[in-house]
Protein chains: 2
Amino acid sequence: MKWSELSDNWCPVARTLSVVGDRWTLLILRDCYLGKSKFEEFAESSGMTRHILAERLKRLVEEGVLERRLYSDAPKRYDYVLTEKGEELRPALRIMKDWGKKHMPVRREAKA
Amino acid sequence: MKWSELSDNWCPVARTLSVVGDRWTLLILRDCYLGKSKFEEFAESSGMTRHILAERLKRLVEEGVLERRLYSDAPKRYDYVLTEKGEELRPALRIMKDWGKKHMPVRREAKA
DNA sequence: CCCCTACGTTTTGTTTTGGAACTTATGACA
DNA sequence: TGTCATAAGTTCCAAAACAAAACGTAGGGG
């Protein structure tokens with residue numbers, strides 16, 4: 001089965017994961033919860049490639065998790081802010097943060 | 001940046017995601033929370049390929065999220081059960097379930 | 001004019017995934 | 001004895017996703 005077919009799965013967990021259950025997407029949300037909103041901020045903070053970042057942002061906007069907002073007219077610049085729908089995933093990230101702190105100690109040097 | 005380098009990130013969310021933040025892994029955990037434990041159960045329930053399933057189970061065992069358990073001597077058969085570490089991610093899945101119910105309605109026919 | 005910022009897109013080569021067939025060990029049936 | 005079924009994987013190959021780096025675009029500042 002392809003991942004893309006998951007958005008109509010009977011299981012609500014699967015449908016949620018069809019939006020945020022890939023590599024990187026939840027890291028974008030983490031940055032949003034930390035107050036970041038700009039493309040360059042996400043790119044630098046997460047270490048993901050600009051290619052993938054652009055794709056994921058597009059999808060998050062399509063799904064109504066983020067909103068693309070014009071914040072500068074000249075030159076045209078857009079950033080990304082959480083919608084209410086996006087805010088409601090915050091508790092899940094909080095649990096992952098606590099779980100990581102407890103169960104996933106850093107072994108080598110931190111990189112980013 | 002490669003995904004595999006994420007396990008030593010400074011951010012505990014990133015470290016958590018280095019284990020469960022890919023396509024399919026959280027779906028395995030969902031099945032575990034629903035009481036499933038067998039390879040064939042996971043394969044059928046999630047719709048993922050056996051190839052990927054085997055890889056993900058191996059990783060979850062390595063990370064101490066699941067435990068591989070001999071449940072039949074002849075023929076040798078193994079299944080997978082949650083450790084305490086694995087149990088502690090359950091609340092995150094619960095949030096995703098609620099989020100999916102609220103924000104991700106099924107559009108077409110359910111498949112699996 | 002030329003360089004800087006910032007949000008992307010394109011290109012190229014590598015890695016991961018999807019799908020299906022195959023393996024191994026055993027029990028059940030006839 | 002031979003054939004079928006079960007269950008946990010493994011192997012193969014083509015297709016899709018990804019990483020890295022360069023390029024594009026639309027101003028602003030010196």
Side-chain angles (χ1 to χ4, degrees), chain A residues 1-9 14 17-28 31-32 35-62 66-81 111-112, chain B residues 1-9 14 17-28 31-32 35-62 66-81 111-112:
Chain A
M1 186 200 246
K2 275 179 223 151
W3 184 261
S4 55
E5 295 167 29
L6 223 54
S7 55
D8 291 295
N9 199 277
L17 291 173
S18 77
V19 182
V20 301
D22 69 293
R23 297 181 138 94
W24 304 118
T25 295
L26 285 172
L27 241 33
I28 296 175
D31 283 348
C32 290
K36 301 191 201 304
S37 69
K38 299 203 174 62
F39 191 94
E40 299 295 332
E41 290 177 322
F42 297 137
E44 192 188 4
S45 162
S46 68
M48 65 194 293
T49 65
R50 318 168 67 69
H51 179 73
I52 298 299
L53 174 57
E55 195 175 77
R56 294 297 188 274
L57 287 171
K58 197 172 142 205
R59 175 132 174 79
L60 286 169
V61 169
E62 280 168 7
L66 298 182
E67 194 192 328
R68 190 164 182 262
R69 182 183 62 171
L70 183 74
Y71 74 91
S72 158
D73 249 322
K76 296 263 187 225
R77 294 271 195 263
Y78 298 89
D79 68 352
Y80 298 86
V81 290
K111 275 276 191 82
Chain B
M1 186 199 244
K2 275 178 222 152
W3 186 260
S4 54
E5 296 165 28
L6 223 54
S7 55
D8 291 295
N9 199 276
L17 291 173
S18 76
V19 182
V20 300
D22 69 293
R23 298 181 139 98
W24 302 118
T25 296
L26 285 172
L27 241 33
I28 296 175
D31 283 349
C32 291
K36 302 191 201 304
S37 70
K38 298 203 175 62
F39 191 95
E40 300 295 332
E41 290 177 321
F42 297 137
E44 190 189 4
S45 162
S46 67
M48 66 194 292
T49 65
R50 318 168 66 70
H51 180 73
I52 299 301
L53 174 56
E55 197 175 76
R56 293 297 188 273
L57 286 171
K58 196 170 142 205
R59 175 131 173 78
L60 286 169
V61 169
E62 279 167 8
L66 298 181
E67 195 193 326
R68 190 164 182 264
R69 182 183 60 171
L70 183 73
Y71 74 90
S72 158
D73 249 323
K76 296 264 187 226
R77 296 269 195 261
Y78 298 89
D79 68 353
Y80 298 87
V81 291
K111 273 275 190 85

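A quick note: this is a predicted structure, and the numbers were derived from the prediction, not measured.
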I'd like to know whether A/Asn9 forms a side-chain contact (heavy atoms from CB on, under 4.5 Å) with A/Leu17, so could you lay out the CA-CA distance, the side-chain angles of the two residues, the decisive distance to 0.1 Å, and finally the verdict. CA-CA 10 Å; A/Asn9 199 277; A/Leu17 291 173; over 6 Å; no
Intermediate values then yes/no, side-chain contact (heavy atoms from CB on, under 4.5 Å), A/Val61 and A/Glu67: CA-CA 5 Å; A/Val61 169; A/Glu67 194 192 328; over 6 Å; no
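Distance, B/Lys58 NZ to D/dT11 P: 10 Å, rounded to whole Å. Rounded to an integer number of Å, the gap from NZ of A/Lys38 to C1' of C/dG8 is 15 Å. If you measure from atom CE of B/Met1 to atom C1' of D/dA17, you get 19 Å, rounded to the nearest angstrom. Distance B/Leu66 CG to D/dG9 P: 12 Å, rounded to the nearest Å. Spacing between atom CG of B/Leu53 and atom P of D/dT10 amounts to 11 Å, rounded to whole angstrom units. Nucleotide C/dC7 holds its P atom 12 Å from the CZ atom of A/Arg69, rounded to whole Å. Atom CZ in B/Phe39 sits roughly 14 Å away from atom C1' in D/dT6 (whole-Å rounding). The distance from atom CD of A/Glu44 to atom C1' of C/dC7 is 15 Å, rounded to the nearest whole Å.
For the atom pair OG (B/Ser46) and CE (A/Met1), the distance works out to 8.0 Å, reported to the nearest 0.5 Å.
Between D/dC12 and B/Arg50, no contact under 4.0 Å exists linking OP1 or OP2 to a side-chain N or O.
In this pair, A/Phe42 and A/Tyr80 present their aromatic rings tilted. The plane angle is within the 30 to 60° band.
No side-chain donor-acceptor contact under 3.5 Å links B/Glu44 to the backbone of B/Glu40. Distance alone, capped at 3.5 Å, places no donor-acceptor pair between the B/Glu55 side chain and the B/Ile52 backbone.
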Table of protein N/O atoms under 3.5 Å from nucleotides 12-17 of chain C N/O atoms:
{"residue": "C/dT17", "atom": "OP1", "partner": "A/Arg23", "partner atom": "NH1", "Å": "3.1"}
{"residue": "C/dT17", "atom": "OP1", "partner": "B/Arg56", "partner atom": "NH2", "Å": "2.8"}
{"residue": "C/dT17", "atom": "OP2", "partner": "B/Arg56", "partner atom": "NH2", "Å": "3.4"}

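Between B/Tyr78 and B/Arg68, the shortest heavy-atom contact is CD1-NH2, 3.3 Å. For the pair A/Val81 and A/Ser37, the tightest heavy-atom approach, listed with the atom from each and the gap, is CG1-CB, 4.5 Å. B/Tyr71 and B/Asp79 get closest at one heavy-atom pair: CD2-N, 3.5 Å.
Residue contacts shown for A/Tyr80 are limited to sugar-phosphate atoms, with no base heavy atom under 4.0 Å away. Backbone-only engagement by B/Tyr71 is indicated by non-hydrogen atom pairs under 4.0 Å involving sugar-phosphate atoms exclusively.
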If a protein heavy atom is under 4.0 Å from the base, mark B; if only from the sugar-phosphate, S; if neither, -; do that for nucleotides 25-30 of chain D going 5' to 3'. -BSS--
